[in-house]
Amino acid sequence: MAPHAPPPSAPTSQIDAIYAAARDAAGAVTEQVEIGLREVGPGARVVALATPTLPPATHTSCYLLGDGALTVVDPGRPTPASRPGWRRCSTPRRPPVGASRASCSPTTGDHVGGAAALAAATGVPVAAHADTAARLRGRVQVDELLADGDDLDGWTVVLTPGHAPGHVCLADAGSGQVVAGDLVAGLGTILIDPSEGDMTAYLASLERVAALAPRRLLPAHGPMIDDAVGRLRGYAAHRLGREARVLAAVTALGPAPPSALVPHAYADTPSGLWPLAERSLISHLVRLEALGQVRAEPAADGAATWRAA
């Protein structure tokens, strides 16, 4: 049987509501962030930008790579809260290089929201993978297309789809650093949303970067990660463990809609975050169907229910 088609993209308003609910459920989050431009490794500096990202993170790390002409990765978006830090990114020649992605909706640009403003302020080109450029069309003009293996001022572009089709990392073989974007997080976790994510591709991307044997990951959210390979392999093991719980829930409860599976597969997750967990659960279901372990069936209300194959 052909795999069930991934769910269509949720309306922007629905995505906004899910993200807002996650922030509300987290309550008052105080992320320990060192404000100001600082060195994080050879040829790499970071400035933390306050953004409406997913809790427990409250900032997006904007990386400035290079010692002369700079490449700026993840310029956030210029809000009153982020503007002091954002001004520090307003002089280099090239804004974000797509270690991030186009966000799930036009209004949650915790990575690329500042790209157009930075380009307008400096006249520098915006670079991104072709898939990211397509998703940014109408919001951000992409001037340079990046491809897997490209050299970007000494940093190698590594295509790492899964969180989003055009997600890339930047690797510096000499220092062992990898600008990881939303492949992993130094704080919190990574959402694989079915509207643009692919769980199988994400697992493959984790393994691909681990195979590079990096020594340090520079994530888009949270602190630097020095146990790079351990974190990457730990993420893969966690996802596969969660997938086993999703399959167990379908086997025990199916046919059932995703919302009925969440309390069983995500019993260790606060209930306020279950709407967000449901998005990830659907991505697991799509992967499990491709593996022939579950199948989707239409329900009377038009929504899909899932059962073990």
Side-chain angles (χ1 to χ4, degrees), residues 5-20 22-23 49-54 59-63 71-83 85-87 89-90 92-148 150 152 157 159-170 179 181-183 190-198 201-202 220-221 276 279 282-283:
S9 299
T12 296
S13 58
Q14 180 182 337
I15 293 288
D16 287 346
I18 290 172
Y19 275 48
R23 288 191 286 269
L49 302 177
T51 57
T53 188
L54 288 176
H59 290 69
T60 297
S61 293
C62 174
Y63 293 100
T71 293
V72 179
V73 185
D74 289 345
R77 70 181 187 188
T79 64
S82 71
R83 194 165 286 119
W86 191 80
R87 288 196 188 100
C89 309
S90 64
R93 69 175 178 82
R94 181 186 285 121
V97 294
S100 63
R101 56 169 175 89
S103 57
C104 292
S105 74
T107 59
T108 58
D110 62 325
H111 292 264
V112 301
L118 187 55
T122 64
V124 296
V126 176
H129 186 271
D131 287 331
T132 301
R135 290 171 182 271
L136 290 176
R137 189 170 294 122
R139 292 191 288 143
V140 179
Q141 178 179 326
V142 174
D143 308 292
E144 301 178 11
L145 294 181
L146 301 177
D148 188 50
D150 281 355
L152 200 65
V157 176
L159 181 60
T160 50
H163 181 60
H167 188 286
V168 304
C169 294
L170 296 177
V179 178
D182 271 349
L183 184 68
I190 298 298
L191 174 65
I192 309 302
D193 191 280
S195 65
E196 65 175 2
D198 183 301
Y202 179 68
H221 305 289
L276 198 65
R279 305 299 297 167
I282 294 171
S283 292

- Please test Glu144 against Val126 for side-chain contact (heavy atoms from CB on, under 4.5 Å), starting from the C-alpha separation and ending with a verdict. CA-CA 6 Å; Glu144 301 178 11; Val126 176; over 6 Å; no
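Across every non-hydrogen atom of Asp148 and Leu159, the tightest pair is OD1-N, 2.8 Å. Taking all atoms of both residues into account, the shortest heavy-atom contact from Ser283 to Pro194 is OG-N, 3.2 Å. A pairwise comparison of heavy atoms in Cys62 and Val72 identifies SG-CG1, 3.4 Å as the closest pair. In terms of heavy-atom proximity, Pro125 sits nearest to Asp143 at CA-OD2, 3.2 Å.
Residues Val142 and Thr132 fail the side-chain proximity criterion, which asks for heavy atoms closer than 4.5 Å. In this structure, the side chains of His163 and Ile192 come closer than 4.5 Å at one or more pairs of heavy atoms. Under the 4.5 Å side-chain criterion, counting only non-hydrogen atoms from C-beta, Tyr202 is in contact with Ile190.
Looking only at distances, no side-chain donor or acceptor of Asp150 sits under 3.5 Å from a matching main-chain atom of Val157. Judged purely by atom type and a 3.5 angstrom limit, His129 has no side-chain atom pairing as donor or acceptor with the backbone of His167.
Atom CG of Leu146 sits about 6.0 Å away from atom CG of Leu152, to the nearest 0.5 Å. One finds the CG atom of Asp131 at 11.0 Å from the CG atom of Leu136 (value rounded to the nearest 0.5 Å).
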